[in-house]
Every structure is written in C-alpha cells, then in structure tokens.
Amino acid sequence: MKSYKIDNQGYYGEFGGAYVPEILYATVENLRTSYEAIIESAEFKKEFHALLRDYAGRPSPLYYASRMSERYGCRLYLKREDLNHTGAHKINNAIGQILLARKMGKRRIIAETGAGQHGVATATVCALMNMPCRIYMGATDVQRQHVNVERMKMLGAEVFPVESGNKTLKDATNEAIRDWCCHPSDTFYIIGSTVGPHPYPDLVARLQSVISEEIKWQLAEKEGRDYPDYLMACVGGGSNAAGTIFHYIDDERVKIVLGEAGGKGIDSNLTAATIKCGSLGILHGSRTLVMQDEDGQIIEPYSISAGLDYPGIGPMHANLARQHRATVMAVNDDEALRAAYELTRLEGIIPALESAHALGMLPRMKFSPDDVVVLTVSGRGDKDLDTYLAHANDFNEKQ
Ligand SMILES: *Cc1c(COP(=O)(O)O)cnc(C)c1O
C-alpha cells in the first residue's frame, strides 16, 4: 500500500531530510536515534497524557456545529483546539518536547517565534518545569507582537530581539540555530511546527497526533463510524493539520483539504501561499517548498495572520500536495475575515485568524448532505481582536 508517512531516511517523498551545519550532526543524530523510543514508551505516554488532560484541558471537544452545517449542507464538526490552555494546539507539542528534553538530560531550552504564539507555549512549559528559556524573536516582530512578548517575560523567559536581516521569523530561526551550535550538549531546541531538520517534522506530528486520536473515538461515539469524509485545517508550518490527519493519512476514504494563507492573492506578491507559489529549496534544515527568488533569496511572506506567514511549509504537506493526497487552497485575507465573522455570528466562537483560513475554504466546497466533515479550529481569536475590530465595518451587518 502507498504510504504518506515518513520513510526511514527522514523523507516524505522528495521532501525532508536534515541539512544542518556539521557542528550539529552529533546532536541531531542523537535526537534522531532516541526520540521514537522515548515518546512511544509507556512511561512517557503516561506523563504526557496526564499533562495534556490535567494541565492543557484535553480532550478538546468535537463540537457538532448545527448552524454552520445547515449553511454548508453537510455534517460539520469543529475540533476545538481553541479551548486548550494558552489558546491553541501549540501547547500539545510544547509539553511533549519539554518532557523529551528532560528525558534526554537537557537543562536549557531555546526556541524561536514569529507571532509569539510558539514562544508563549514554550515559555509556559518552561515555567511549569522550572527550566531556563531563551526565545529568539525578530526585532520587528517584538514590536508588532508586544502583548505576547510581555506574556513570555511574565512567564520568566528571556526574549532576545534579533536585529539581523528583515528582523522577522527567518532571522530569529538563524539566531536560534546559531545558539544551538554553541551549546549542542546541554540545550534542547523546541521547534513549534512540523518543520526543521529530521526528526522534528515527525516528532511534532506525533506529538500533535493526539488530535486525530481523539477525533477517532469522538466520531465513533457521535456518528457510529470512526472516520470522516473530509478533514480540513489551516497550514502555516503544518502542525495542527498534521495532528488532524495523522491517523488518517493513509486512509484514502478520508479527503484532506488544507488552507494556506493567500494574503492579498497569489498573484499579488503579498502572499504566504508557499505550496502554490514556492519552489524547491532548503529552509530551516529541511528540503521543502520555499518562497524564494531566482537567486534563492527568501521572499518575505505576507498574511493578515501572523501565525501563517512562514516562508516554508512542512515536508509532509509539500509531499501530500505533490502526490495529490491533499487538496490545497490559498485563502485570502478577506475570505478569512469573512469566515471569522461568520463563525462568530452563527456559533458564538471567535476563531484565531489562522483557523479562519480553514473556515474560509467552506464556501468553495461541494458537499453532499450526509458528508461528515471535521474542521480543526486551531486557536482562539482573542489575540486577533485588534485586526477584527479594524475590519468590523465590513462585517457588522447581520450575516
Ligand atoms: C501557529 C498557529 C498556526 C500555524 O501553525 P501550524 O504549525 O501550521 O499549525 C495555526 N493556528 C494557530 C492558532 C496558531 O497559533
């Protein structure tokens, strides 16, 4: 049977691998040879699932959205990752990686963050585990994401503003890798999405796979069958999508539909639609699709949603798109905004702008009334209120 899972070389088709500086070979190799045995062990699973339950608030509900179902002519369930502690799915991965770091005897945590959401999740688990934490963040992003910077500091993390390049996510990533090169033995680098050198994409996907593990039994309870007809999610680097599809990836009864950030449109130069607009390159230690010019210089991505403007894409998702296992849509800013207002008015749920890119695909779908659709609401919209308010006049008429 054809498989879309990672192969034993660390690749998804032609994408993936580990392209790291020589000085990190031993560290990455150590992680590669130990991660699977640790995170699949009974002891790890027990600690991980206890924290997911008692600290993060899992299982997250699978909610039948009746008014949205009526509007779109299907049976629509929302997987409510917005209800997790810290407001998104990112906490699942942060808890898992800090437990892994401790089992590997690491004493210091580093991470990079763009919008600040991964930085907050990492700072949160470092407070929980009493571990020193340094978060690299582009100086431009430090200014744009002031509230998250203050949250990280309150949690006890050191936020390090990066002044090189465009002073955004890519520059923060470079600086985090530089730090890792200087402290390979005692430092664990917590990566926030299904990106980076092997084994990170697979590590993050497995830690987030709790999402589809829950969908299975929740659907069995509610629908009498443990698989949906459609799974829908937004993709930045790909972690909430990876978690949503993990246990269904080779089950071709289940159609996978992914929404990336179109920004102002894929022909506008203001876009973060990496799958539609990117080309093969190496970014963040991985061979994947990258937004780059003819000289291989990274093109700064744009999206109204800070969590989706990443110039790469996880290798798993690049392969799913290449093999036509997943349908990928670029959802523009205005479509996402409209979808966020719609969910708020019909169901009383204010989604994160990232999640609104998954919702923004619904008008383009052709469902039959019996289709069971599970759409992951990756996070809550509190952090995006200023953006929503700035566009309120366009949407405040009754939907
Ligand atoms: C970070 C973030 C995303 C994008 O990251 P993925 O790794 O693609 O899931 C999506 N939604 C929310 C709420 C986020 O915070």
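Whatever order the structure lists ligands and atoms in, that order sets their numbers, starting from 1. Only this structure's heavy atoms are used, side chains among them; waters, hydrogens and symmetry mates stay out.
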Residue pair Glu260, Lys276: steps toward the salt bridge (charged side-chain N to carboxylate O under 4.0 Å, His left out) verdict:
CA-CA 9 Å; Glu260 56 177 0; Lys276 298 266 184 228; 5.8 Å; no

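- At a cut-off of 3.5 Å, with distance as the only test, no side-chain donor of Tyr19 or His198 sits close to an acceptor on the other residue.
- Looking at atom 4 (C) of ligand 1, its nearest protein heavy atom turns out to be Gly307 O, 3.6 Å.
- For ligand 1, the atoms closer than 4.0 angstrom to any heavy atom of Val235 are 8 (O).
- When Ser193, Gly243, Ala233, Ala352 are ranked by how near their heavy atoms come to atom 7 (O) of ligand 1, first place goes to Ser193.
- Looking only at side-chain heavy atoms (C-beta outward), Ile215 and Tyr227 stay at 4.5 Å or farther from each other.
- Not one N or O of Leu308 is nearer than 3.5 Å to an N or O of ligand 1, by distance alone.
- Every atom of ligand 1 with a heavy atom of Gly379 under 4.0 Å away is listed here by number and element: 13 (C).
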Report the C-alpha separation of Arg67 and Glu70 in whole Å, then their side-chain angles, then the decisive distance to 0.1 Å, and conclude whether the salt bridge (charged side-chain N to carboxylate O under 4.0 Å, His left out) test is met.
CA-CA 5 Å; Arg67 295 186 68 202; Glu70 197 176 314; over 6 Å; no

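- The single protein non-hydrogen atom nearest to atom 15 (O) of ligand 1 is Lys90 NZ, 2.6 Å, given as residue, atom name and distance.
- Defined by atom type and a distance below 3.5 Å, a donor-acceptor pair is present between the side-chain atoms of Ser60 and Lys79.
- Closest protein heavy atom to atom 12 (C) of ligand 1: Ser378 OG, 3.5 Å.
- Taking 4.0 Å as the cut-off, His89 counts as a neighbour of ligand 1 on heavy-atom distance.
- Under the 6.0 Å cut-off for aromatic ring centres, Tyr230 and Phe367 qualify, their centroids lying closer than that.
- Here the protein heavy atom with the shortest distance to atom 10 (C) of ligand 1 is Glu354 CB, 3.4 Å.
- Closest to atom 6 (P) of ligand 1, if we only count protein heavy atoms, is Ser239 N, 3.3 Å.
- For ligand 1, the atoms closer than 4.0 angstrom to any heavy atom of Gly236 are 8 (O).
- Proximity of Leu231 to Lys255: side-chain heavy atoms (C-beta onward) are nowhere separated by under 4.5 Å.
- A cation-pi arrangement, defined by a distance under 6.0 Å to the six-membered ring centre and an angle within 45 degrees of its axis, is absent between Lys103 and Tyr35.
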